[in-house]
K.L.:
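This is the structure I have questions about; it appears just below.
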Amino acid sequence: MDLEDAVAPGRKAEARAALTEAVPAVARGGDAVVRINRPLDLAVADIDAAVAAGVGALVLTKLMGPEHLRLLEEVVEAAEARHGRAPGAVRLIGLVETLSAVPLLGAIAAASPRLVALGAGREDLAAELEAEPGTLPLQQIAIGTLMAARAAGILPLGSLAPFVGLEDLEAYRAGLRRSRAMGFACASCIHPAQVAVINEEYGARPEEVERARRLVLAFETALAAGRGAVAFEGAMVDLPVVEQARALLRRAR
């Protein structure tokens, strides 16, 4: 749910008040996620309302750096205590949407144990660059975000897929498939029709899971016999290949 750019400036308070009913309705036993505003006065009010409503995670927009993230983390901690939420219950998803924050990607990704994912807001960055959203500079920033997130052990959010209309789900799928091959792990979307496509392409297919299980078992059997590599279905498998298979199994779980 969005409290930020999709809400007109004069209706922020109205949108914030609606969270009381909207968060439980959207969560349905899972986690509802709310995207908050960047200006501090709005962010503090947004965080308080979202935490009180039972939100599972907050999307922090236009992060300026690790200190900005840690400041918002303090606000979240205070809101949890105020509203009887368990400490650490609310997770954070970060968006880097300004050029000044791009050199700080690594520091932002490692700034908080609450941070579970990091992405780049390509529309805002494109506006600053005066570039088209799918062009090389935006792709380079997205790849930088991917690398920073993976190095910090959190999920890289987004894709390198070009913008496509809602009616062309196959083109959308193809873009996600290319992005998954590069290492992106999760994505936000603007229409329910895209949810299943994201889960299918960024998740793990049953045949991939089964092959990974066979591969890991073959390697562990060989390792127990004193061998550090094994022939598996026509290919040589050693530890780096096995780690990739284990990562796929973790993703499937």
K.L.:
Rounded at 0.5 Å granularity, tell me how far CG in L60 sits from CG in L115.
P.N.:
7.5 Å
K.L.:
Does atom CD of E132 have more than 12 heavy-atom neighbours from other groups under 6.0 Å away?
P.N.:
no
K.L.:
Do L146 and I141 share a hydrophobic cluster, counting only Ile, Leu, Val, Met, Phe, Trp and Tyr and linking them when any side-chain heavy atoms are less than 4.5 Å apart?
P.N.:
no
K.L.:
Going by an N to O cut-off under 4.0 Å, is there a salt bridge joining E200 and R180?
P.N.:
no
K.L.:
Going by side-chain heavy atoms closer than 4.5 Å, which hydrophobic residues are tied to L42, directly or by a chain of links?
P.N.:
none
K.L.:
If you look only at pairs with a residue in residues 97-112, which of them pass as a salt bridge (charged side-chain N to carboxylate O under 4.0 Å, His left out), with sequence neighbours excluded?
P.N.:
none
K.L.:
Please report the shortest heavy-atom distance between L169 and Q194, naming the atom on each side.
P.N.:
CD2-CG, 4.1 Å
K.L.:
Donor-acceptor check, side chain of S112 to backbone of R114, threshold 3.5 angstrom: yes or no?
P.N.:
yes
K.L.:
Which pair of non-hydrogen atoms, one from E128 and one from L99, has the smallest distance, and what is that distance?
P.N.:
OE2-N, 3.1 Å
K.L.:
Using a strict threshold of under 4.0 Å (side-chain N to carboxylate O), is an ion pair present between E233 and R211?
P.N.:
yes
K.L.:
So which of K12, R35, R16 actually passes salt bridge (Lys or Arg N to Asp or Glu O under 4.0 Å) with D2?
P.N.:
R35
K.L.:
If the threshold is 4.0 Å, N to carboxylate O, is there a salt bridge linking R38 and D5?
P.N.:
no
K.L.:
Determine, using the 4.5 Å side-chain heavy-atom cutoff (strictly less than), whether L92 and L105 are members of one ILVMFWY cluster.
P.N.:
yes
K.L.:
Could you check whether R70 pairs with E73 (Lys NZ or Arg NE/NH1/NH2 to Asp/Glu carboxylate O, under 4.0 Å)?
P.N.:
no
K.L.:
Got a sec: does the CD of E210 have more than 12 other heavy atoms crowding it under 6.0 Å?
P.N.:
yes
K.L.:
Grab the two heavy atoms, one from R150 and one from P156, that are nearest each other, plus how far apart they are.
P.N.:
NE-CG, 3.6 Å
K.L.:
Under 4.5 Å between side-chain heavy atoms, counting indirect links through other Ile/Leu/Val/Met/Phe/Trp/Tyr residues: same cluster for I93 and I198 or not?
P.N.:
no
K.L.:
Is there a path of hydrophobic side-chain contacts, each under 4.5 Å between heavy atoms of I/L/V/M/F/W/Y residues, joining V55 to V59?
P.N.:
no
K.L.:
Can you tell whether the side chains of E14 and R11 come within less than 4.0 Å, N to carboxylate O?
P.N.:
yes
K.L.:
Any idea which heavy atoms bring A109 and A152 closest together, and the distance?
P.N.:
O-CB, 3.4 Å
K.L.:
Find out if a path of hydrophobic residues (ILVMFWY) with successive side-chain heavy-atom gaps under 4.5 Å connects L155 to L157.
P.N.:
no
K.L.:
If I compare all heavy atoms of V209 with all of A204, which pair ends up nearest, and what's the gap?
P.N.:
CG2-CB, 3.7 Å
K.L.:
Ignoring hydrogens, what is the shortest heavy-atom contact between L72 and A43? Give both atom names and the distance.
P.N.:
CD2-CB, 4.2 Å
